Amino acid sequence: MYWYGGWAWMTFMPLLWIALIVLAVWAVIRLTHATTGGASHRSHSWADDEPRETPEEILDRRYASGEIDTDAYTEARERLAAHRPRPR
């Protein structure tokens, strides 16, 4: 009475348990990776000891390293100045 599925259930059940174990291991790895920040991702939040770079500092650094030319630097500076929030 309990074996209506026969061989199908005998094949399916181990696969289901393997899938559940793999899912649990994946979830644990994913959660521990997210809480430690991971090696490949650098976490920036308000709680970090290092202050975040401002857009102007990033632009200055990229210009100084030669990543962008003078025209792109000047245009980006103007756009940043135009979109900077006004002090209250």
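We number each residue from 1, following the sequence as shown. Just so we're clear, the structure is a prediction, and the values are computed from it rather than from any experiment.
With rounding to the nearest 0.5 angstrom, the CD atom of Glu75 is 10.0 Å from the CG atom of Asp69.
Of the possible donor and acceptor atoms, one in the side chain of His83 sits under 3.5 Å from a partner among the backbone N and O of Arg79. A donor-acceptor pair is defined here as one N or O able to donate and one able to accept, closer than 3.5 Å; such a pair exists between the side chain of Glu57 and the backbone of Thr54.
Ionic pairing of Asp60 and Arg77 is present here: one or more N-O contacts between side-chain nitrogen and carboxylate oxygen are shorter than 4.0 angstrom.
A continuous path of Ile, Leu, Val, Met, Phe, Trp and Tyr side chains, each step under 4.5 Å between heavy atoms, connects Met13 with Leu20, placing both in one hydrophobic cluster. In the hydrophobic cluster analysis, where Ile, Leu, Val, Met, Phe, Trp and Tyr join through side-chain heavy atoms closer than 4.5 angstrom, Leu16 is grouped apart from Val22.
Residues meeting the salt bridge (charged side-chain N to carboxylate O under 4.0 Å, His left out) test with Glu56, sequence neighbours left out: Arg84. Shown here are the salt bridge (charged side-chain N to carboxylate O under 4.0 Å, His left out) partners of Arg30, two or more places apart in sequence or in another chain: there are none.
Think of Ile68 as one node in a network of Ile, Leu, Val, Met, Phe, Trp and Tyr side chains linked at under 4.5 Å; its network also takes in Leu59, Tyr63, Tyr73, Leu80.
Contact of the Ile58 side chain with the Arg62 side chain is registered, since non-hydrogen atoms from C-beta on lie closer than 4.5 Å.
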